[in-house]
Amino acid sequence: MEQVIVGDGSEEETRMLLRELGFLKLGGLPKLTRFCTCDLIECPALEELQIKNCPALMTFVSSSASESNASSSELQIMNSTLFDEKVLFPNLENLQLTCAHKLENIWNDELQVDSFCRLKVLKVEHGKELLKVFPSKQLLRFKNLERLMVNDCNLVEEVFDLQVLMKIQEETDVAATTETQLRYFNVTELPNLKNMVAGWRKLLPKRKEQKQLLSLHLVDSSAYTFGD
């Protein structure tokens, strides 16, 4: 099975609304390349998404119209990024990705405004081609993240760059804080990790009573450094 939801190609399928879907697990699907084909999929009640052992998965939703108008380089990015502007998950809190070996990126730089803003738990494991965990331009979107686990992703060099976020704030005059809710940070088996968190001091909670809540675990990531 290459696709979970297969339609008849009618115009009604340009937008897909799964109103009551609260939990979704895709597992053990070796030929799955995408969940569906449409211009926008909206899951307003989805709180947890698990994708496990789907080694051929390239994107969550594809659009035949956008792909036909894309250049070869744009098409390569589209076909190796899990989520983009065609996905709207406003209440997703828990995302787990395991053995999605085709993915180079989890998120595109262009996303729906309300998508992923409530994400609290992110677990990423065994991503052979994964290059980046977070897109720098979208870091403000993940300020509610509490638990982050990244394991066995050989090509990842940096988890996230808060310095880019601060630069964006300065250029756009956005009065937003870089302080997050992150309390548990587990990184294992990232042999090419060079920079854990650029600008990491801005990540730590400022309130005195919260300073002991951050748990950091590093295993087999000997090349890493903490950025300034």
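- Met1 contributes atom CE, which lies 11.5 Å from atom NZ of Lys31 (distance to the nearest 0.5 angstrom).
- Side-chain contact, Asn94 with Gln96: a donor N or O sits under 3.5 Å from an acceptor N or O.
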_Test side chain to side chain contact (heavy atoms under 4.5 Å, CB included) on Val124 and Cys153; report intermediate values, then the result._
CA-CA 8 Å; Val124 183; Cys153 300; 4.1 Å; yes

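- Taking CD from Glu125 and SG from Cys99, the interatomic distance works out to 8.0 Å, rounded to the nearest 0.5 Å.
- The aromatic rings of Phe116 and Phe83 lie tilted to each other, with the angle between the two planes from 30° to 60°.
- Atom-to-atom distance recorded for Phe142:CZ and Cys117:SG is 8.5 Å, nearest 0.5 angstrom.
- Rounding to the nearest 0.5 Å gives a distance of 7.5 Å between CD1 of Ile106 and CG of Leu82.
- We find that Arg15 and Glu42 are joined by a salt bridge, their nearest charged nitrogen and carboxylate oxygen being less than 4.0 Å apart.
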*Kindly determine whether Thr33 and Gln3 satisfy side-chain hydrogen bond (donor to acceptor under 3.5 Å, both in side chains), including the steps that lead there.*
CA-CA 6 Å; Thr33 60; Gln3 182 170 313; over 6 Å; no

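- Note that CG of Leu40 is 9.0 Å distant from CG of Leu17, once rounded to the nearest 0.5 Å.
- Linking ILVMFWY residues whenever their side-chain heavy atoms come closer than 4.5 Å, directly or via other members, places Val87 and Leu26 in the same cluster.
- Under the 4.5 Å side-chain heavy-atom criterion for grouping Ile, Leu, Val, Met, Phe, Trp and Tyr, Leu148 is not connected to Leu131 through any hydrophobic cluster.
- A donor atom on one side chain and an acceptor atom on the other are not found under 3.5 Å apart for Asn144 and Arg118.
- If you check the side chains of Thr81 and Glu104, you find no donor sitting under 3.5 Å from an acceptor.
- One hydrophobic cluster holds both Leu46 and Val4 under the rule that ILVMFWY side chains link at heavy-atom gaps under 4.5 Å.
- Leu49 and Ile5 fall within a single hydrophobic cluster, where Ile, Leu, Val, Met, Phe, Trp and Tyr are joined by side-chain heavy atoms under 4.5 Å apart, directly or via other members.
- The neighbour count for Glu110 CD, taken as heavy atoms of other residues, nucleotides or ligands under 6.0 Å away, does not exceed 12.
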